[in-house]
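A quick write-up on the structure given underneath.
Quick caveat: nothing in here was measured; it's all calculated off a predicted structure. Note that ligands are numbered from 1 as they come in the structure, with each ligand's atoms numbered from 1 the same way.
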Amino acid sequence: MTTRVLSVASECAPLVKTGGLADVVGALPAALAGQGCEMRTLLPGYPAVLSQIGAGKVVLAEDDLFGGRVEVVAGRAAGLDLLILRAPHLFDRPGSIYLNAGGQDWTDNPERFAALSWMAARIGAEGVAGWRPDILHCHDWQAGLTPLYLRENGAATQVKTVMTIHNIAFHGLAPASSLDALRLPRWAFTPDGAEFWGRISALKAGLMFADRLTTVSPGYARELMTPEFGMGLDGVMRARAGVLSGILNGIDTEAWNPATDSAIVAYDAPPGKAANKARLVQEFGLPAGDGPLAIVISRLSEQKGLDLLIGALPQFLEQGGRLALLGSGDPGLERAFLDLAERHDGVGVRIGYDETLSHRMMAGGDAILVPSRFEPCGLTQLYGLRYGTIPVVSLTGGLTDTVISANDAALRAGVATGVQFTPVSVPALSDALDRLIALYAMPDVWRKMRLNAMAHPVGWETSAADYAALYQRLMTDG
Ligand code: ADP
Ligand code: GLC
(Lines give C-alpha, C1' and ligand atoms only; values in the text may rest on other atoms or scores of the structure.)
(Ligands and ions follow the chains in the order given, each with its own letter.)
Protein backbone atom coordinates (compact mmCIF):
# COMPACT_ATOMS: atom_id res chain seq x y z
CA MET A 1 0.00 0.00 0.00
CA THR A 2 1.29 3.45 -0.86
CA THR A 3 1.79 5.84 2.05
CA ARG A 4 0.87 9.41 1.16
CA VAL A 5 3.02 11.97 2.92
CA LEU A 6 2.86 15.76 2.89
CA SER A 7 6.26 17.22 3.70
CA VAL A 8 5.93 20.73 5.16
CA ALA A 9 8.97 23.01 5.10
CA SER A 10 10.23 26.54 4.61
CA GLU A 11 12.92 25.65 2.05
CA CYS A 12 13.51 23.04 -0.64
CA ALA A 13 16.44 22.65 -3.04
CA PRO A 14 16.85 23.48 -5.83
CA LEU A 15 14.01 26.01 -5.58
CA VAL A 16 14.95 27.92 -2.45
CA LYS A 17 17.83 27.24 -0.07
CA THR A 18 19.68 28.80 2.83
CA GLY A 19 21.16 25.60 4.26
CA GLY A 20 21.09 21.83 4.53
CA LEU A 21 17.37 21.75 5.39
CA ALA A 22 16.65 22.58 1.76
CA ASP A 23 18.85 19.75 0.48
CA VAL A 24 17.10 17.23 2.68
CA VAL A 25 13.56 18.41 1.90
CA GLY A 26 14.41 18.42 -1.81
CA ALA A 27 15.88 14.91 -1.71
CA LEU A 28 13.29 13.08 0.39
CA PRO A 29 10.53 12.67 -2.24
CA ALA A 30 12.76 10.85 -4.73
CA ALA A 31 14.47 8.85 -2.00
CA LEU A 32 11.12 7.71 -0.62
CA ALA A 33 9.48 7.01 -3.97
CA GLY A 34 11.38 3.73 -4.11
CA GLN A 35 10.06 2.85 -0.66
CA GLY A 36 6.36 2.90 -1.47
CA CYS A 37 5.80 6.50 -0.34
CA GLU A 38 4.16 9.24 -2.37
CA MET A 39 5.43 12.54 -1.04
CA ARG A 40 4.26 16.03 -1.90
CA THR A 41 5.92 19.11 -0.51
CA LEU A 42 4.14 22.19 0.85
CA LEU A 43 6.26 25.34 0.59
CA PRO A 44 5.74 29.08 1.08
CA GLY A 45 5.09 30.97 -2.16
CA TYR A 46 8.26 33.06 -2.23
CA PRO A 47 8.75 34.82 -5.58
CA ALA A 48 11.62 32.44 -6.44
CA VAL A 49 9.34 29.44 -5.96
CA LEU A 50 6.25 30.80 -7.71
CA SER A 51 8.27 31.77 -10.75
CA GLN A 52 9.31 28.15 -11.20
CA ILE A 53 5.92 26.45 -11.14
CA GLY A 54 4.20 28.39 -13.91
CA ALA A 55 0.44 28.98 -13.67
CA GLY A 56 -0.31 25.99 -11.44
CA LYS A 57 -3.82 25.16 -10.23
CA VAL A 58 -5.53 26.56 -7.13
CA VAL A 59 -6.65 23.58 -5.02
CA LEU A 60 -7.49 25.23 -1.69
CA ALA A 61 -8.03 28.82 -0.57
CA GLU A 62 -8.92 30.95 2.42
CA ASP A 63 -10.10 34.56 2.10
CA ASP A 64 -8.39 36.02 5.13
CA LEU A 65 -5.50 34.28 6.80
CA PHE A 66 -3.40 36.66 8.92
CA GLY A 67 -4.37 39.67 6.86
CA GLY A 68 -4.89 38.57 3.30
CA ARG A 69 -6.12 35.91 0.89
CA VAL A 70 -4.10 32.71 0.63
CA GLU A 71 -4.24 30.01 -2.03
CA VAL A 72 -2.63 26.59 -2.25
CA VAL A 73 -1.39 26.10 -5.79
CA ALA A 74 -0.50 22.63 -7.08
CA GLY A 75 2.37 22.40 -9.53
CA ARG A 76 5.56 20.62 -10.48
CA ALA A 77 9.13 21.87 -10.67
CA ALA A 78 12.53 20.19 -10.58
CA GLY A 79 10.85 16.77 -10.51
CA LEU A 80 8.96 17.61 -7.31
CA ASP A 81 5.20 17.45 -6.68
CA LEU A 82 4.57 20.76 -5.01
CA LEU A 83 1.82 22.54 -3.15
CA ILE A 84 2.72 26.20 -2.90
CA LEU A 85 1.15 28.60 -0.44
CA ARG A 86 0.50 31.72 -2.50
CA ALA A 87 0.07 34.53 0.04
CA PRO A 88 1.51 37.80 -1.29
CA HIS A 89 0.99 39.64 2.00
CA LEU A 90 3.29 37.11 3.71
CA PHE A 91 5.77 35.94 1.12
CA ASP A 92 6.01 38.37 -1.80
CA ARG A 93 9.14 40.15 -0.54
CA PRO A 94 12.57 40.74 -1.98
CA GLY A 95 15.77 39.33 -0.50
CA SER A 96 16.23 36.70 2.15
CA ILE A 97 13.34 34.40 3.00
CA TYR A 98 13.73 34.96 6.76
CA LEU A 99 15.38 38.38 7.10
CA ASN A 100 14.62 41.96 6.10
CA ALA A 101 17.11 44.24 4.36
CA GLY A 102 18.60 45.16 7.75
CA GLY A 103 19.44 41.52 8.47
CA GLN A 104 16.72 41.17 11.16
CA ASP A 105 13.99 38.52 11.23
CA TRP A 106 10.82 39.76 9.49
CA THR A 107 8.67 40.84 12.43
CA ASP A 108 5.74 38.79 11.15
CA ASN A 109 7.72 35.54 10.83
CA PRO A 110 5.41 33.91 13.42
CA GLU A 111 2.37 34.66 11.20
CA ARG A 112 4.16 33.76 7.95
CA PHE A 113 5.00 30.26 9.07
CA ALA A 114 1.87 29.80 11.17
CA ALA A 115 0.04 30.28 7.86
CA LEU A 116 2.10 27.48 6.32
CA SER A 117 1.28 25.20 9.26
CA TRP A 118 -2.41 26.19 9.27
CA MET A 119 -2.81 25.27 5.61
CA ALA A 120 -0.84 22.05 6.11
CA ALA A 121 -3.33 21.05 8.80
CA ARG A 122 -6.22 21.95 6.48
CA ILE A 123 -4.74 19.78 3.74
CA GLY A 124 -4.50 17.00 6.33
CA ALA A 125 -8.16 17.43 7.26
CA GLU A 126 -9.70 18.05 3.83
CA GLY A 127 -7.25 16.80 1.24
CA VAL A 128 -6.65 18.63 -2.02
CA ALA A 129 -7.86 17.66 -5.51
CA GLY A 130 -8.61 14.10 -4.43
CA TRP A 131 -5.31 13.62 -2.62
CA ARG A 132 -5.24 13.37 1.15
CA PRO A 133 -2.07 12.65 3.08
CA ASP A 134 -1.85 9.83 5.62
CA ILE A 135 1.05 11.61 7.32
CA LEU A 136 2.14 15.23 7.72
CA HIS A 137 5.93 15.36 7.97
CA CYS A 138 6.90 18.71 9.52
CA HIS A 139 10.41 20.16 9.34
CA ASP A 140 11.75 22.55 11.99
CA TRP A 141 9.89 25.36 13.76
CA GLN A 142 8.42 26.79 10.58
CA ALA A 143 6.13 23.75 10.38
CA GLY A 144 5.93 23.24 14.15
CA LEU A 145 2.36 24.44 14.72
CA THR A 146 0.95 21.91 12.24
CA PRO A 147 0.24 19.08 14.73
CA LEU A 148 -1.54 21.50 17.08
CA TYR A 149 -3.72 22.99 14.33
CA LEU A 150 -4.48 19.43 13.22
CA ARG A 151 -5.74 18.57 16.72
CA GLU A 152 -7.89 21.63 16.70
CA ASN A 153 -9.45 20.93 13.31
CA GLY A 154 -10.35 17.43 14.43
CA ALA A 155 -8.26 15.44 11.92
CA ALA A 156 -5.50 14.29 14.28
CA THR A 157 -7.08 10.88 14.76
CA GLN A 158 -6.97 10.06 11.04
CA VAL A 159 -3.81 11.87 9.95
CA LYS A 160 -0.51 11.21 11.73
CA THR A 161 2.32 13.65 12.27
CA VAL A 162 6.12 13.41 12.27
CA MET A 163 8.26 16.34 13.40
CA THR A 164 11.90 16.41 12.28
CA ILE A 165 14.41 18.59 14.12
CA HIS A 166 17.11 19.86 11.79
CA ASN A 167 18.30 22.42 14.31
CA ILE A 168 16.93 22.91 17.83
CA ALA A 169 18.57 26.34 18.12
CA PHE A 170 15.70 28.03 16.29
CA HIS A 171 12.50 27.99 18.36
CA GLY A 172 10.14 30.17 16.36
CA LEU A 173 9.12 32.33 19.32
CA ALA A 174 6.15 34.69 19.43
CA PRO A 175 4.79 36.84 22.27
CA ALA A 176 2.03 35.33 24.39
CA SER A 177 -0.19 38.21 23.29
CA SER A 178 -0.32 36.75 19.74
CA LEU A 179 -2.09 33.58 20.88
CA ASP A 180 -5.50 34.56 19.50
CA ALA A 181 -4.09 36.27 16.43
CA LEU A 182 -2.22 33.05 15.56
CA ARG A 183 -5.48 31.11 16.06
CA LEU A 184 -3.93 29.04 18.82
CA PRO A 185 -6.09 27.48 21.53
CA ARG A 186 -5.59 28.82 25.06
CA TRP A 187 -5.46 25.29 26.53
CA ALA A 188 -2.21 24.68 24.63
CA PHE A 189 -0.41 27.61 26.25
CA THR A 190 1.06 25.66 29.19
CA PRO A 191 4.50 24.23 29.98
CA ASP A 192 3.17 20.87 28.72
CA GLY A 193 2.21 22.53 25.47
CA ALA A 194 3.47 25.37 23.30
CA GLU A 195 4.55 27.70 26.13
CA PHE A 196 8.27 28.38 26.54
CA TRP A 197 9.24 30.78 29.33
CA GLY A 198 6.17 32.93 28.84
CA ARG A 199 6.24 32.94 25.05
CA ILE A 200 4.77 30.77 22.31
CA SER A 201 7.31 28.37 20.76
CA ALA A 202 6.31 26.89 17.41
CA LEU A 203 9.09 24.32 17.72
CA LYS A 204 7.97 23.21 21.17
CA ALA A 205 4.39 22.86 19.90
CA GLY A 206 5.69 20.46 17.28
CA LEU A 207 7.77 18.55 19.80
CA MET A 208 4.84 18.20 22.21
CA PHE A 209 2.03 17.43 19.78
CA ALA A 210 3.56 15.41 16.92
CA ASP A 211 3.06 11.64 17.03
CA ARG A 212 6.72 10.90 16.30
CA LEU A 213 9.90 12.97 16.50
CA THR A 214 13.02 12.48 14.47
CA THR A 215 16.29 14.28 14.12
CA VAL A 216 18.96 14.06 11.48
CA SER A 217 21.55 11.83 13.18
CA PRO A 218 21.64 9.31 16.03
CA GLY A 219 24.38 11.35 17.70
CA TYR A 220 22.28 14.52 17.78
CA ALA A 221 19.27 12.51 19.02
CA ARG A 222 21.32 11.62 22.12
CA GLU A 223 22.76 15.12 22.52
CA LEU A 224 19.33 16.79 22.33
CA MET A 225 18.46 15.23 25.67
CA THR A 226 21.35 17.02 27.43
CA PRO A 227 21.36 20.58 28.81
CA GLU A 228 24.49 21.33 26.79
CA PHE A 229 22.77 20.77 23.42
CA GLY A 230 19.02 20.90 24.12
CA MET A 231 18.82 24.74 24.03
CA GLY A 232 16.31 24.74 26.87
CA LEU A 233 14.26 21.91 25.36
CA ASP A 234 16.31 18.98 26.69
CA GLY A 235 13.62 18.25 29.30
CA VAL A 236 11.02 18.03 26.52
CA MET A 237 13.30 15.75 24.55
CA ARG A 238 13.86 13.47 27.54
CA ALA A 239 10.12 13.36 28.20
CA ARG A 240 9.51 12.34 24.59
CA ALA A 241 12.51 10.04 24.21
CA GLY A 242 10.21 7.09 23.56
CA VAL A 243 9.00 8.54 20.24
CA LEU A 244 12.33 10.07 19.13
CA SER A 245 14.68 8.54 16.59
CA GLY A 246 17.80 9.71 14.82
CA ILE A 247 17.87 9.11 11.07
CA LEU A 248 21.02 10.22 9.31
CA ASN A 249 20.78 12.53 6.30
CA GLY A 250 22.01 11.36 2.94
CA ILE A 251 23.19 13.46 0.01
CA ASP A 252 22.22 13.52 -3.65
CA THR A 253 24.91 11.24 -5.04
CA GLU A 254 24.11 12.24 -8.62
CA ALA A 255 24.42 15.98 -8.10
CA TRP A 256 27.54 15.26 -6.05
CA ASN A 257 29.38 12.73 -8.17
CA PRO A 258 33.06 13.44 -8.90
CA ALA A 259 32.98 11.05 -11.86
CA THR A 260 30.30 13.04 -13.71
CA ASP A 261 30.29 16.53 -12.13
CA SER A 262 30.28 19.03 -15.00
CA ALA A 263 31.59 21.85 -12.75
CA ILE A 264 34.94 20.07 -12.27
CA VAL A 265 37.60 18.03 -14.06
CA ALA A 266 35.77 14.75 -13.43
CA TYR A 267 37.61 11.93 -11.67
CA ASP A 268 36.78 8.58 -10.15
CA ALA A 269 39.82 8.05 -7.94
CA PRO A 270 41.87 10.37 -5.71
CA PRO A 271 44.79 11.05 -8.11
CA GLY A 272 42.23 12.74 -10.38
CA LYS A 273 42.14 15.56 -7.86
CA ALA A 274 45.43 17.06 -9.05
CA ALA A 275 43.98 19.09 -11.93
CA ASN A 276 41.15 20.42 -9.76
CA LYS A 277 43.57 21.35 -7.01
CA ALA A 278 45.79 23.26 -9.40
CA ARG A 279 42.76 25.16 -10.69
CA LEU A 280 41.56 25.97 -7.20
CA VAL A 281 44.97 27.20 -6.04
CA GLN A 282 44.99 29.53 -9.00
CA GLU A 283 41.39 30.63 -8.58
CA PHE A 284 42.01 31.63 -4.94
CA GLY A 285 45.39 33.20 -5.73
CA LEU A 286 47.22 30.86 -3.36
CA PRO A 287 50.94 30.07 -3.53
CA ALA A 288 52.12 26.74 -4.96
CA GLY A 289 53.30 24.28 -2.32
CA ASP A 290 53.54 20.72 -1.11
CA GLY A 291 51.21 21.01 1.88
CA PRO A 292 47.52 20.18 2.07
CA LEU A 293 44.89 22.59 0.78
CA ALA A 294 42.05 22.82 3.30
CA ILE A 295 38.63 24.17 2.34
CA VAL A 296 35.63 25.53 4.23
CA ILE A 297 32.14 25.92 2.71
CA SER A 298 29.81 27.18 5.37
CA ARG A 299 27.40 29.60 6.88
CA LEU A 300 29.51 31.85 9.09
CA SER A 301 27.75 31.54 12.42
CA GLU A 302 28.53 30.71 16.03
CA GLN A 303 27.29 27.13 15.43
CA LYS A 304 30.01 26.37 12.91
CA GLY A 305 32.96 27.12 15.25
CA LEU A 306 34.93 28.87 12.53
CA ASP A 307 36.07 31.60 14.92
CA LEU A 308 38.36 28.89 16.37
CA LEU A 309 39.96 28.43 12.99
CA ILE A 310 41.20 32.01 13.12
CA GLY A 311 43.25 31.08 16.21
CA ALA A 312 44.45 27.73 14.90
CA LEU A 313 45.33 28.82 11.38
CA PRO A 314 48.78 30.48 11.77
CA GLN A 315 50.36 27.21 12.97
CA PHE A 316 48.75 25.31 10.06
CA LEU A 317 50.04 27.86 7.55
CA GLU A 318 53.55 27.74 9.01
CA GLN A 319 53.62 24.01 8.30
CA GLY A 320 52.73 24.50 4.66
CA GLY A 321 48.94 24.27 4.91
CA ARG A 322 46.72 26.53 2.79
CA LEU A 323 43.07 27.49 3.15
CA ALA A 324 40.30 28.37 0.69
CA LEU A 325 37.08 29.53 2.37
CA LEU A 326 33.63 30.20 0.90
CA GLY A 327 31.01 31.50 3.29
CA SER A 328 28.69 34.23 4.39
CA GLY A 329 26.78 35.24 7.48
CA ASP A 330 28.02 36.98 10.61
CA PRO A 331 29.53 40.31 9.47
CA GLY A 332 32.26 40.15 12.16
CA LEU A 333 33.41 36.73 10.96
CA GLU A 334 33.26 37.80 7.33
CA ARG A 335 35.58 40.71 8.17
CA ALA A 336 37.89 38.53 10.25
CA PHE A 337 38.40 36.05 7.39
CA LEU A 338 38.92 38.83 4.84
CA ASP A 339 41.57 40.29 7.21
CA LEU A 340 43.26 36.91 7.48
CA ALA A 341 43.40 36.62 3.71
CA GLU A 342 45.03 40.06 3.53
CA ARG A 343 47.65 39.13 6.10
CA HIS A 344 48.47 35.59 4.89
CA ASP A 345 49.32 34.52 1.35
CA GLY A 346 48.17 31.01 2.13
CA VAL A 347 44.56 32.06 2.77
CA GLY A 348 41.96 32.79 0.10
CA VAL A 349 38.45 33.92 1.02
CA ARG A 350 35.23 34.37 -0.97
CA ILE A 351 32.33 35.94 0.86
CA GLY A 352 29.04 34.92 -0.70
CA TYR A 353 26.95 31.93 -1.67
CA ASP A 354 28.06 30.06 -4.79
CA GLU A 355 26.90 26.54 -5.53
CA THR A 356 29.17 25.95 -8.56
CA LEU A 357 32.24 27.23 -6.75
CA SER A 358 31.39 24.89 -3.88
CA HIS A 359 31.69 21.95 -6.30
CA ARG A 360 35.05 23.18 -7.61
CA MET A 361 36.31 23.56 -4.05
CA MET A 362 35.12 20.12 -3.03
CA ALA A 363 36.96 18.64 -6.01
CA GLY A 364 40.15 20.65 -5.55
CA GLY A 365 40.57 20.60 -1.77
CA ASP A 366 42.57 17.97 0.11
CA ALA A 367 40.58 18.33 3.31
CA ILE A 368 37.34 20.01 4.43
CA LEU A 369 37.19 21.62 7.86
CA VAL A 370 33.98 21.43 9.93
CA PRO A 371 34.83 22.50 13.52
CA SER A 372 31.19 22.93 14.61
CA ARG A 373 30.15 23.56 18.21
CA PHE A 374 27.06 21.51 17.42
CA GLU A 375 26.04 19.89 14.14
CA PRO A 376 22.70 18.08 13.86
CA CYS A 377 23.96 16.22 10.78
CA GLY A 378 26.12 18.32 8.49
CA LEU A 379 26.26 17.76 4.76
CA THR A 380 29.58 19.22 3.68
CA GLN A 381 31.58 16.46 5.38
CA LEU A 382 29.47 14.00 3.36
CA TYR A 383 30.28 15.81 0.10
CA GLY A 384 33.90 15.70 1.29
CA LEU A 385 33.80 11.92 1.70
CA ARG A 386 32.26 11.51 -1.75
CA TYR A 387 34.99 13.65 -3.36
CA GLY A 388 37.88 12.13 -1.40
CA THR A 389 38.30 15.44 0.45
CA ILE A 390 39.22 14.35 3.95
CA PRO A 391 36.86 15.73 6.63
CA VAL A 392 38.44 17.28 9.72
CA VAL A 393 35.51 17.52 12.11
CA SER A 394 34.63 18.09 15.75
CA LEU A 395 33.20 15.14 17.63
CA THR A 396 29.57 16.20 17.75
CA GLY A 397 26.16 15.28 16.36
CA GLY A 398 26.15 13.90 12.85
CA LEU A 399 29.87 14.51 12.48
CA THR A 400 30.36 11.68 15.00
CA ASP A 401 28.19 9.35 12.94
CA THR A 402 29.70 9.96 9.52
CA VAL A 403 33.48 10.12 9.90
CA ILE A 404 35.89 7.37 11.00
CA SER A 405 38.75 9.14 12.73
CA ALA A 406 42.34 8.28 11.87
CA ASN A 407 43.30 7.02 15.32
CA ASP A 408 45.80 4.16 15.63
CA ALA A 409 43.13 1.46 15.57
CA ALA A 410 41.44 2.83 12.46
CA LEU A 411 44.75 3.29 10.68
CA ARG A 412 45.85 -0.25 11.54
CA ALA A 413 42.55 -1.65 10.32
CA GLY A 414 42.81 0.55 7.22
CA VAL A 415 39.34 2.06 7.69
CA ALA A 416 39.98 5.73 8.55
CA THR A 417 38.14 8.37 6.51
CA GLY A 418 38.92 11.60 8.38
CA VAL A 419 40.13 13.34 11.52
CA GLN A 420 37.93 14.02 14.55
CA PHE A 421 38.75 16.24 17.50
CA THR A 422 37.29 17.16 20.85
CA PRO A 423 36.69 19.44 22.67
CA VAL A 424 35.79 22.29 20.34
CA SER A 425 38.73 24.53 21.26
CA VAL A 426 41.66 26.21 19.53
CA PRO A 427 44.25 23.77 20.96
CA ALA A 428 42.21 20.70 19.94
CA LEU A 429 41.62 22.08 16.44
CA SER A 430 45.34 22.96 16.13
CA ASP A 431 46.17 19.43 17.15
CA ALA A 432 43.77 18.06 14.51
CA LEU A 433 45.39 20.26 11.85
CA ASP A 434 48.83 18.97 12.95
CA ARG A 435 47.50 15.43 12.47
CA LEU A 436 46.22 16.41 9.04
CA ILE A 437 49.68 17.70 8.05
CA ALA A 438 51.28 14.48 9.31
CA LEU A 439 48.80 12.18 7.54
CA TYR A 440 49.12 14.14 4.31
CA ALA A 441 52.88 13.65 4.46
CA MET A 442 52.40 9.86 4.28
CA PRO A 443 51.24 9.33 0.69
CA ASP A 444 50.20 5.68 1.10
CA VAL A 445 48.19 6.34 4.24
CA TRP A 446 46.63 9.43 2.70
CA ARG A 447 45.68 7.64 -0.49
CA LYS A 448 44.07 4.82 1.48
CA MET A 449 42.07 7.32 3.53
CA ARG A 450 40.83 8.97 0.38
CA LEU A 451 39.80 5.67 -1.15
CA ASN A 452 37.98 4.75 2.07
CA ALA A 453 36.25 8.12 2.09
CA MET A 454 35.09 7.79 -1.51
CA ALA A 455 33.75 4.29 -0.82
CA HIS A 456 31.83 5.35 2.29
CA PRO A 457 28.05 5.12 1.71
CA VAL A 458 26.61 8.65 1.79
CA GLY A 459 23.43 8.20 -0.28
CA TRP A 460 19.85 8.04 0.93
CA GLU A 461 19.21 4.28 0.64
CA THR A 462 19.43 3.26 4.30
CA SER A 463 17.86 6.40 5.70
CA ALA A 464 14.99 6.40 3.20
CA ALA A 465 14.19 2.84 4.30
CA ASP A 466 14.30 4.04 7.93
CA TYR A 467 11.82 6.85 7.24
CA ALA A 468 9.54 4.47 5.32
CA ALA A 469 9.64 1.99 8.21
CA LEU A 470 8.82 4.80 10.66
CA TYR A 471 5.83 5.88 8.55
CA GLN A 472 4.69 2.27 8.34
CA ARG A 473 4.86 1.74 12.10
CA LEU A 474 2.99 4.98 12.65
CA MET A 475 0.21 3.89 10.30
CA THR A 476 -0.18 0.46 11.86
CA ASP A 477 0.55 1.11 15.56
CA GLY A 478 -0.61 4.74 15.75
P1 ADP B 1 23.63 24.03 7.70
O2 ADP B 1 22.34 23.56 7.17
O3 ADP B 1 23.69 24.05 9.18
O4 ADP B 1 24.09 25.30 7.09
P5 ADP B 1 24.74 21.69 6.31
O6 ADP B 1 26.14 21.20 6.25
O7 ADP B 1 23.69 20.73 6.66
O8 ADP B 1 24.75 22.94 7.31
O9 ADP B 1 24.30 22.27 4.92
C10 ADP B 1 24.86 23.42 4.33
C11 ADP B 1 24.54 23.39 2.86
O12 ADP B 1 24.70 24.70 2.33
C13 ADP B 1 25.46 22.52 2.06
O14 ADP B 1 24.76 22.05 0.92
C15 ADP B 1 26.58 23.48 1.68
O16 ADP B 1 27.30 23.06 0.57
C17 ADP B 1 25.79 24.72 1.41
N18 ADP B 1 26.52 25.97 1.62
C19 ADP B 1 26.77 26.59 2.79
N20 ADP B 1 27.39 27.77 2.58
C21 ADP B 1 27.56 27.88 1.25
C22 ADP B 1 28.12 28.89 0.39
N23 ADP B 1 28.65 30.00 0.90
N24 ADP B 1 28.09 28.68 -0.93
C25 ADP B 1 27.55 27.55 -1.44
N26 ADP B 1 27.01 26.58 -0.70
C27 ADP B 1 27.00 26.74 0.63
C1 GLC C 1 20.46 22.01 9.83
C2 GLC C 1 21.72 21.58 10.57
C3 GLC C 1 22.63 20.68 9.75
C4 GLC C 1 21.83 19.62 8.98
C5 GLC C 1 20.74 20.31 8.16
C6 GLC C 1 19.89 19.31 7.39
O7 GLC C 1 20.66 23.14 9.07
O8 GLC C 1 22.46 22.69 11.05
O9 GLC C 1 23.56 20.02 10.60
O10 GLC C 1 22.68 18.88 8.14
O11 GLC C 1 19.88 21.00 9.02
O12 GLC C 1 19.26 18.38 8.21
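- Distance from atom 12 (O) of ligand 2 to its nearest protein heavy atom, with residue and atom name: His166 ND1, 2.7 Å.
- Residue Gly327 has at least one heavy-atom neighbour below 4.0 Å for each of these atoms of ligand 1: 23 (N).
- Geometrically, ligand 2 and Cys377 share a nitrogen or oxygen pair separated by less than 3.5 Å.
- Of all the listed residues (Glu375, Gln381, Arg299, Lys304), Glu375 holds the heavy atom that lies closest to atom 9 (O) of ligand 2.
- Using a 4.0 Å cut-off between heavy atoms, Asn249 makes no contact with ligand 1 at all.
- Judged purely by atom type and a 3.5 angstrom limit, Tyr387 uses its side chain to pair as donor or acceptor with the backbone of Asn257.
- Only the backbone of Ser298 comes within 4.0 Å of ligand 1, judged by heavy-atom distances.
- Of all the heavy atoms of Asp354, the ones lying under 4.0 Å from any atom of ligand 1 belong exclusively to the backbone.
- Minimum interatomic distance between Thr396 and Glu223 (heavy atoms only, all atoms of both residues): OG1-OE2, 3.1 Å.
- Contacts between Leu21 and ligand 2 below 4.0 angstrom, taking non-hydrogen atoms only, involve the backbone exclusively.
- Only the side chain of Lys17 comes within 4.0 Å of ligand 1, judged by heavy-atom distances.
- Heavy atoms of Gly19 come nearer than 4.0 angstrom to ligand 2 in no pair at all.
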